[in-house]
Amino acid sequence: MEIEEQKMESSNSKFKKFRKRIFRPIHRFKSKNKDEQQHSVLQEQNQKVDLLIRNEDFNVTGFVIDPQNYLYHYWLGIISVAVAYNLIFIPARYAFDDLNSNLRLTWIALDYAFDVIYLIDIFLQSRTGYFSHGLFVRNHHVLARKYFSSHEFYIRDLLSIFPTDLLYFNQRLRFISIIRSNRFLRIHRLFEFQELTESRTRFPNAFRIGVLICLTLTLIHWNCCIYFLICQHLGFGSDEWVLPASAHNETVAMLYTYCFYWSTLLLSTIGDVPLPVKQSEYVFVLFDYMIGILIFATIIGSLGTMISSQNQSRQQVCEKMDEIKRYMKFRSVNRKLERKVIKWLDYLYTNRQVLNEEKVLNSDLSVELRKDLAIKVHLESLQQVKLFNDCESNLLVELVTKLKPIFFGPGDYVCRKGDIGKEMYIIKRGELAVVSDDGKTIFVKLKEGAVFGEISILNIPAIILFELNNKVEYLGSKHGNRRTANVKSLGYSDLYTLCKEDLWLVLDNYPESLSKIIEKGKSLLRKDNLLDETLTDKKRHVEQDQLLSVQHRIKKLMDLDELLNDRITKFLDNYVDSIRSFKQQLSTLEYSYGTRKPSVSVSVNIPANTSKLHFYDNNLRDNNINNIIKYASAPFLKIDQ
Ligand SMILES: Nc1ncnc2c1ncn2[C@@H]1O[C@@H]2COP(=O)(O)O[C@H]2[C@H]1O
């Protein structure tokens, strides 16, 4: 009895301990109020996040692959070949037994070579970095831990390399390829390769068509294998639908070709194949037709999308052109101008793929990427510009981001003599000319890389500096900020413009380059005798002042503003003080003289920097106290007793 009681007690205490262990957390949880619970949940979450973001996760600890690297892409290509091999040859070898048994050694070699690739792929996946909180995790311990604890590893990758070939030792399953079909599980790597290539290729549409063809051929191939298996199962020549009895004597190549042909006819829904006889045959054919319709719809749909996406830009262009034509008709534009506009649009839309460069560049790109792209596209052109030859490279980089594309047609004037210059031009493509006023005589031809329109925006001038004795004097360029010549486009030309404000904003930070550019501008003017060099020292000083950019002027104005504020504050202080003292002295006056007419002298205490105010102190003598009070609002009065 005692023993039994002891047993009972010990089992009870064990149960209590067990209960305690199980329910302790629940009790603890119950005891907390809702806020506490939420707090603890948050804390747990924070701890998790803390676990996720540790500095050492981002440290380089060993070999790690960056998925954005081309090496990763190449590897995906290799593993995709291995997957494709299995997808194609496992069903083929299972269906066409001769193919399997005739080349047994080759298959064994290929199978295990690709298995090695599968194994390497597992290793590489465990070393593939990823982005966490915007940073690249490159600690291989962290990567491996994450990969080997993931479902994907167990369900897809490990299972796909599971050595099912061991079943070969079973007499009934000897060298039956289908037992290796777990290798299909690695198909996600094939899709990954396809997606990555699609996003990276320069010919996405051609690639998509290629993928579509491969997919269709694979489906036809599988269907062909299934058809052959069904024929084998039902017996060759057993009815009209299956392969004829003579198929026994045919080579594998011939049998495969026939089955592939049959499968293509069926899946492409062309038909023209023997009608099914047995129920199982009907079911198979029906199933095939349905798959065929799906394939057909996918092909047509994909091709349609591709073609329409290619035509989309052309269609948009046509719509725009129609709109402009409608407008010209509505406004009764004459035929000549209309023809010119149409010709221009035609050139613009047929020769230029990118219509709105700015829009494209400003779309989804970061500021840095936009800058990089602008540098790549324009820097070379800007480096060719002689005006900027000796300038700092950073200046060019800054200027590059300010360039804007502009196009001109044959005979278009880019600028006319006497116009106010607001931008300079860099020729990207095409030919322009400096021409006489009537546009017939060509003085100079300007070609690719040349720059023009810089003179009027460089501020070598001030338009009018002095107006002494009714005589207007000019400094620097005799034309001031006006265009010095007519520039005409000879054919179609692509130019980049750089506007005056942008240029000066950038040049502000590069004073050395600024003086070099000004010197070059002067030498250009000197060549055409457009530079007034009879500058006195004073004029030079004024010239320099004129060269100050808008920013400098704004800064000066702001300084002036501060100075003015200071003065006003001082002035107000003085004003208050003098009012106070005036009131004191006035009350003293009233007290001393009573009702007698005061005889006072008023001295004006004006702050040094204040302009003179006219007070009529003589009047004060004649007026009474009220008059004095009236003048009290004037600040600078000091009344002596
Ligand atoms: N003889 C010339 N050779 C090359 N370019 C010129 C010549 N004369 C004028 N230009 C350019 O034509 C431009 C007309 O506008 P700008 O005066 O601003 O700047 C002028 C120069 O860049």
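Indexing begins at 1, ligand by ligand and atom by atom, following the structure's order. Bear in mind that the values here come from a model prediction, so they are computed numbers and not experimental data.
Nearest to atom 20 (C) of ligand 1 among the protein's heavy atoms is T484 OG1, 3.6 Å. Looking from atom 8 (N) of ligand 1 to the surrounding protein, the closest heavy atom is D528 OD2, 3.7 Å. Of the protein's non-hydrogen atoms, V444 CG2, 3.8 Å is the one closest to atom 2 (C) of ligand 1. At the shortest separation from atom 4 (C) of ligand 1 among protein heavy atoms lies L446 CD2, 4.0 Å. Atom 18 (O) of ligand 1 has its closest protein heavy atom at S456 OG, 2.5 Å. Scanning all protein heavy atoms for the shortest distance to atom 11 (C) of ligand 1 gives F452 CB, 4.0 Å. Of the protein's heavy atoms, R483 CD, 3.1 Å lies nearest to atom 15 (O) of ligand 1. Nearest protein heavy-atom neighbour of atom 13 (C) of ligand 1: G453 N, 3.5 Å.
At a 4.0 Å heavy-atom cut-off, ligand 1 does not touch K417 at all. Counting heavy atoms under 4.0 Å from ligand 1, residue V434 touches it through the side chain alone.
When the heavy atoms of G418, A450, G421, A485 are ranked by distance to atom 14 (C) of ligand 1, first place goes to A485.
Checked for salt-bridge contact, R127 and D66 miss the test: no charged N lies under 4.0 Å from a carboxylate O. Contact check on R208 versus E198 returns a salt bridge, with a Lys/Arg side-chain nitrogen under 4.0 Å from an Asp/Glu carboxylate oxygen. Note on R580 versus D577: salt bridge recorded, some NZ/NE/NH1/NH2 to OD/OE distance being below 4.0 Å. Between R335 and E338 there is a salt bridge, with a side-chain nitrogen of the basic residue lying less than 4.0 Å from a carboxylate oxygen of the acidic one.
P67 and Y72 get closest at one heavy-atom pair: O-CD2, 3.4 Å.
The distance from ligand 1 to the heavy atoms of E454 drops below 4.0 Å at these ligand atoms: 18 (O), 19 (O), 21 (C), 22 (O).
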Please lay out, stage by stage, how D121 and R189 fare under the test salt bridge (charged side-chain N to carboxylate O under 4.0 Å, His left out). CA-CA 9 Å; D121 187 53; R189 297 294 268 172; 2.8 Å; yes

I'd like to know whether E448 forms a salt bridge (charged side-chain N to carboxylate O under 4.0 Å, His left out) with R429, so could you lay out the CA-CA distance, the side-chain angles of the two residues, the decisive distance to 0.1 Å, and finally the verdict. CA-CA 5 Å; E448 233 173 86; R429 202 164 53 182; over 6 Å; no

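Annotation: K428, atom NZ; neighbour count of heavy atoms from other residues, nucleotides and ligands within 6.0 Å is above 12.
Any N or O atom pair closer than 3.5 Å counts here, and V487 shares no such pair with ligand 1. Not a single N or O atom of R482, backbone or side chain, sits closer than 3.5 Å to an N or O atom of ligand 1.
Looking at E398 and Y510, their side chains do bring a donor and an acceptor atom within 3.5 Å of each other.
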